[in-house]
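What follows is one structure encoded as structure tokens, with my remarks underneath.
Values below: every heavy atom of this structure, side chains too, minus hydrogens, waters and symmetry copies. Throughout, a chain's letter reflects where its sequence line sits, starting with A, and its residues are numbered from 1.
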Amino acid sequence: MQEKYHPGEIERSAQAHWDSTGAFRAAEDSAKPKYYCLSMFPYPSGKLHMGHVRNYTIGDMLARWHKMRGYNVLQPMGWDAFGLPAENAAIQNRVPPAKWTWDNIAYMKQQLKSLGFGLDWERELATCKPDYYRWNQWLFLRMLEKGIAYKKTQVVNWDPVDQTVLANEQVIEGRGWRTGAPVEKREIPGYYLAITRYADELLDALDTLPGWPERVKTMQANWIGKSFGVRFAFPYELDGKAEKLWVYTTRADTLMGVTFCAVAAEHPLATLAAQGNAALAAFITECKHGSVMEADIATMEKKGMPTGIFVAHPLTGEKVEVWVGNYVLMGYGEGAVMAVPAHDERDFAFARKYGLPIKQVIDVPGKSYSLDAWQEWYADKQGGICINSGKYDGLGYDAAIDAIAADLKAKDLGDKQVQYRLRDWGISRQRYWGCPIPLIHCESCGTVPVPDDQLPVVLPEDCVPDGSGNPLHKRADFLNCACPRCGKPAKRETDTMDTFVDSSWYYARYCSAGNDKAMVDERAKYWMPADQYIGGIEHAILHLLYSRFWTKAMRDVGLVDYDEPFANLLTQGMVLNHIFSRRTDKGGLEYFSPEEVELIRNESGHVTGATSKADGRPVDYGGVGTMSKSKRNGVDPQSLIEQYGADTARFFMMFASPPEQTLEWSDSGVEGAYRFMKRVWAYGHAVRDAVAGKPAMPEKLHEAPAATRREIHTVLKQANYDLAKLQFNTVASATMKMLNALEKMPRDADGSNAVAAECISILLRLLSPIAPHVTHALWVELGFGADILAAPWPEPLEAALAQDEIELVLQVNGKHRGNLRVKVGTDRTAIEAAALASEMAQKFMEGRPAKKVVVVPGRLVNIVA
RNA sequence: GCCGGGAUGGCGGAAUCGGUAGACGCAGCGGACUCAAAAUCCGCCGCCGCAAGGUGUGUGGGUUCGAGUCCCACUCCCGGCACCA
């Protein structure tokens, strides 16, 4: 064994040991309690980035910690292998997405191995493999049978130049990213999953997840957005026939303040009014431009135009004009809203812009209403009472809604209704690199499901998309088939599934690896639900909600017997880096990686801009943002691993900040982690002979070794507390504190060898989940055993922690003035007396008598003078 | 815009229940070793001040013997917003 620290050799040898002993192969038949440690699988974008290193180091840390605490641990890994970046790479390099994806997987797998993660590779999966995605297709067909999957129209971003559907990400300021052409909204048919049927269960079951962060549960609850309101109609006549314009509101108490209604551009009333009204037709066309993203819609200028159509107020019969508003969405609610400008901020702004009447119907005592500016209280539900509302005057929020809903019901014009913000999950994608939707279109039989025995519908792997639509349209061998019902020639569906489908159940498939007869089997019942799920906070809503829904759907098909997939959730913060971009000639956006630019900083060191190293011209600085392939701001950990080794990379990543916190990337500081690894290695060698003698701990230790031992056990106690909180940065710093203390301990006093032996064994075990290679090598070298993974997790000893004096903080009037040493167990009166008698207290009391003395046991004394 | 989160030295961060603000590192400064450099080791290190001391946790208020921590109002930054994953 070498005295100098060579991480490359140490790490190769430790990894070879784990491989040859099958250290991380998980078996179901263990008497130990199981611990399923699951990290979100990566998209194979090419190389690992720092977010992956952070994610998987956290997971590996938890897995190894639990293994040493006696759990039967499963930690699998796989690939979220379908998706848009593979098509983008194909457009750029003319390489089939399949080849690009498999090459990336091979490279990233080798990177994961070099980081020493304790993964069970025998359960590896990739969602782009037919033996995986056939089960997406199979369950989709079950959902179709149960009516959970159904067809309706969806609104998509349409690039009129490339003649293709764009992802939201591909729309930049309302234009196509490649063509720069203004994007249009287009309605096309697609398949939906009725997640809203599970809305109540998805909401209520959040209470059964104590191991989930409150913030994630709050976000999901708000996303589901259960509201109690009133669905009612404004009656009107059309060609002599009675019609109704339906709307939904949570503010029925303000119904008497309605001064107009607004409908979406796609609403039938808008279409009707546009006939013979060229201006309105033009406005409706204008509304159909722009992106479908909610953020864009919410921030764009609110515009509207009257239709000339009037409906009747359901209670007063007064005429109310219908407007078309660009902010009303057809796909949400009824595609129409009532407008109460006096008590809704958006309606208020809209009414003021177009000179529409504003009628105050809610009053809060002590406040005065003014049309000059919107005030927060106008929308207050709690303190207000109805005014200008006829028979409802004087009623509060709840009473008014009850009365108004009852009157609407009596007129058969509406009733109370529970509504959700959550919408059904549209899973159709007009893209090539995804799981084919297993349907066949037959001229005689219509849409026919592919029979189970013909699954999977295999995606051809040799297509190369060119940016102008789905290449499957040109693949005769894929497209043409026989109708399963009548046998006549038919066409396959070319839409593929949203990749969120793939990631909604992969964790259950790890547990049933290799089964070609069933989606999941008995083994899933052993391992699921996952005891710990770890992944980025950016998945707080969509991926986690879809997975919860998919689990319930699988349960209802009888595949699994659990209700929720993830018992405990750790949402790691994003790893951020600077973003640089430049507008292309066509109006698209080109990103620059941080290595390709020279930074411009202001006096305080903040980045304000940059220039390209290639051409010297300025690039736009977009602030910091999450590391992503598309923004080209990811940092490849490979150079770190090569230069310093995996242990340093892992240690630094854990040390840098607590897991849940956002981390702005900077590689200064890696040196410190590397220095620490070298010091651990050197200290191990320095005490090797002392430890080899297996020195016994004496009954009575000398003062110096006793103090060192107390410090190590105190730090260990804190570290174990921090581990339970999943606060790994202070666990890393605890190992540094331990080494500092051990290095300072004089090695000649009686018992110092025994303390060194005990404490280095504690240090190595505490450090092993973070830096498993160096600790594995030293554990063996120092003769503690053949495998540190088999060693028990260290616990602090009470005997080592005992002390007879403690130091209290002495304050005068709340200001820290000194310290006070007292024997353990000194009573309050004696502490007060000692405090008052102390020199510092006398000095700062300046002769004033003590009005009060606050004693916090074990902590401080505060004299109020 | 809406929903969720965050802000502490030059930098990353620590401070468990409201009780010594800045643990542990990075950077910096001074020193030792060296022909020299690297590596390593020792010391200093929030700001103002010679010192005593004062001051300090994004901003402004409040509660308390005592506030980074609790309350109110605000600013900026990050994540999500349903076709990035």
Side-chain angles (χ1 to χ4, degrees), chain A residues 40 42-43 45 80 83-85 88 154 156-157 165-171 213-216 218-219 221-223 225 292-300 327 331 345-346 421-431 498-500 503 536-543 545-546 571 573-574 576 604-605 623-626 628-631 652 655-658 660-664 666 668-673 675-676 678-679 682 718 721-722 725 727 729-730 732-737 740 807-811 813-819 851-854 856 859-864:
Chain A
M40 288 183 185
Y43 177 79
S45 55
D80 188 11
L84 202 52
N88 295 339
Q154 51 181 349
V156 296
N157 303 304
V165 176
L166 297 177
N168 284 336
E169 187 190 47
Q170 300 172 314
V171 179
E214 261 337 293
R215 60 166 159 162
V216 174
T218 306
M219 280 191 258
N222 289 340
W223 184 262
V292 301
M293 289 163 76
E294 189 190 306
D296 290 341
I297 291 159
T299 50
M300 73 188 177
Y327 60 95
E345 190 168 6
R346 195 172 57 182
R421 206 189 76 95
L422 180 68
R423 310 200 293 261
D424 278 345
W425 175 12
I427 59 157
S428 291
R429 297 289 178 273
Q430 296 68 43
R431 284 184 219 303
D498 180 6
T499 56
F500 275 124
S503 56
I537 183 64
E538 74 274 22
H539 295 293
I541 296 174
L542 293 181
H543 162 62
L545 193 66
Y546 291 149
T571 44
M574 308 270 68
L576 309 181
S604 50
V624 291
T626 165
S628 78
K629 178 100 180 155
S630 60
K631 292 182 190 131
F652 176 62
F655 181 72
S657 86
E660 305 229 74
Q661 196 167 304
T662 299
L663 174 62
E664 207 170 303
S666 144
S668 68
V670 179
E671 285 286 346
R675 268 201 283 272
F676 177 62
K678 286 194 283 192
R679 278 172 61 208
Q718 179 66 47
Y721 177 85
D722 292 346
K725 282 195 300 180
Q727 187 175 293
N729 57 326
T730 50
S733 85
T735 63
M736 287 178 146
K737 286 179 187 174
N740 289 348
E807 195 157 81
L808 298 181
V809 170
L810 175 64
Q811 292 185 340
N813 291 328
K815 281 189 171 50
H816 180 206
R817 295 302 185 184
N819 294 329
K851 286 184 206 142
K852 184 174 170 184
V853 181
V854 180
V856 182
R859 283 210 174 259
L860 68 67
V861 193
N862 184 18
I863 299 166
V864 186

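When both distances must be under 3.5 Å, the Watson-Crick or G-U wobble mate of B/A23 does not exist. Pair assignment for B/G43 gives B/C29, based on Watson-Crick or G-U wobble hydrogen-bonding distances that are each under 3.5 Å. Figure legend. B/A73 is base-paired to B/U59; pairs are counted as Watson-Crick or G-U wobble with both atom distances under 3.5 Å. If you check B/G1 for Watson-Crick or wobble pairing at under 3.5 angstrom, you find it paired to B/C81.
In this structure, B/G5 is classed as anti because its glycosidic torsion departs from zero by more than 90°. Base orientation of B/C35: anti, since the glycosidic angle falls outside 90° of 0.
Taking the P atoms as reference points, B/G43 lies 22 Å from B/A37, given to the whole Å. Taking atom P in both B/G54 and B/U8, one finds a spacing of 26 Å when rounded to whole Å. As rounded to the nearest Å, B/U40 and B/C48 have C1' atoms that lie 36 Å from one another. Rounded to whole Å, the separation between the P atoms of B/A27 and B/A39 comes to 10 Å. Remark: the separation of the P atoms in B/G56 and B/G61 is 12 Å, to the nearest Å. Nucleotides B/C76 and B/G30 are separated by 41 Å at their P atoms, to the nearest Å. Look at the C1' atom in both B/G22 and B/C45: the space between them is 12 Å, to the nearest Å. Separation of the P atoms belonging to B/C17 and B/G10 is 28 Å when rounded to the nearest angstrom.
When rounded to the nearest whole Å, the span between OH of A/Tyr721 and C1' of B/C17 equals 9 Å. Atom-to-atom, CZ of A/Arg859 to P of B/U20 comes out at 6 Å; the value is rounded to the nearest Å. Atom CD in A/Glu671 sits roughly 13 Å away from atom P in B/A38 (whole-Å rounding). The CG-P distance, from A/Leu860 to B/C65, rounds to 15 Å in whole Å. Spacing between atom NZ of A/Lys815 and atom P of B/U64 amounts to 17 Å, rounded to whole angstrom units. One can place NZ of A/Lys678 at 15 Å from P of B/G25, the figure rounded to the nearest angstrom. For the pair A/Asp722 CG and B/C24 C1', the interatomic distance rounds to 12 Å; values are reported in whole Å. Atom-to-atom, CG of A/Asn862 to C1' of B/A67 comes out at 13 Å; the value is rounded to the nearest Å.
Nucleic acid contact for A/Lys851: none, since no nucleic acid atom lies under 4.0 Å from a heavy atom of the residue. Contact annotation for A/Val809: base contact, defined as any heavy-atom pair under 4.0 Å involving a base atom. In this structure, A/Arg679 reaches the sugar-phosphate backbone alone: every heavy-atom distance under 4.0 Å involves primed, P, OP1 or OP2 atoms, never a base. Using a 4.0 Å heavy-atom cutoff across all strands shown, A/Gln727 reaches sugar-phosphate atoms only and no base atom. Here A/Asn740 lies in heavy-atom contact (under 4.0 Å) with sugar-phosphate atoms only. Backbone-only engagement by A/Thr662 is indicated by non-hydrogen atom pairs under 4.0 Å involving sugar-phosphate atoms exclusively. Residue-level contact check: A/Gly225 touches neither bases nor backbone, having no heavy atom under 4.0 Å from any strand.
Among all heavy-atom pairs drawn from A/Asn862 and A/Gly814, the shortest one is OD1-N, 2.9 Å. Contact between A/Met736 and A/Gly672 at its shortest, heavy atoms only, is CE-O, 4.2 Å. Smallest separation of non-hydrogen atoms from A/Val624 and A/Leu576: CG2-CD1, 4.0 Å. Among all heavy-atom pairs drawn from A/Val216 and A/Thr571, the shortest one is CG2-CG2, 3.7 Å. Of all non-hydrogen atoms in A/Phe655 and A/Ser733, the two that sit nearest each other are CE1-CB, 3.7 Å.
Phosphate contact (OP1/OP2 of B/A27, side-chain N/O of A/Arg675, threshold under 4.0 Å): present. Taking side-chain N and O atoms only, A/Asn729 has a distance below 4.0 Å to OP1 or OP2 of B/A14. Residue A/Lys737 has no polar side-chain atom (N or O) positioned under 4.0 Å from OP1 or OP2 of B/A23. Taking 4.0 angstrom as the limit, A/Arg817 places none of its side-chain polar atoms (N or O) nearer than this to OP1 or OP2 of B/A52.
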Requested in this report: Summarise how protein sits on nucleotides 80-85 of chain B as a single string, 5' to 3': B when a protein heavy atom is under 4.0 Å from the base, S for sugar-phosphate-only contact, - for no contact.
Outcome: SBBBSB

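Residues A/Ile537 and A/Arg215 meet the side-chain proximity criterion, which asks for heavy atoms closer than 4.5 Å. A 4.5 Å side-chain heavy-atom check between A/Asn157 and A/Gln170 finds every atom pair outside the cut-off. Taking 4.5 Å as the limit, every side-chain heavy atom of A/Val856 sits out of range of all side-chain heavy atoms of A/Leu808. The shortest side-chain heavy-atom distance between A/Val861 and A/Val853 falls under the 4.5 Å cut-off.
Annotation: of the two residues near RNA chain B, A/Leu663 and A/Met736, the 5′-most nearest-nucleotide partner is A/Leu663.
For A/Gln661 and B/G5, a side-chain-to-base donor-acceptor distance below 3.5 Å is absent, hydrogens and geometry of angles not being considered.
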Requested in this report: For the pair A/Tyr43 and A/Thr499, evaluate side-chain contact (heavy atoms from CB on, under 4.5 Å) and give the outcome as yes or no after the intermediate values.
Outcome: CA-CA 10 Å; A/Tyr43 177 79; A/Thr499 56; over 6 Å; no

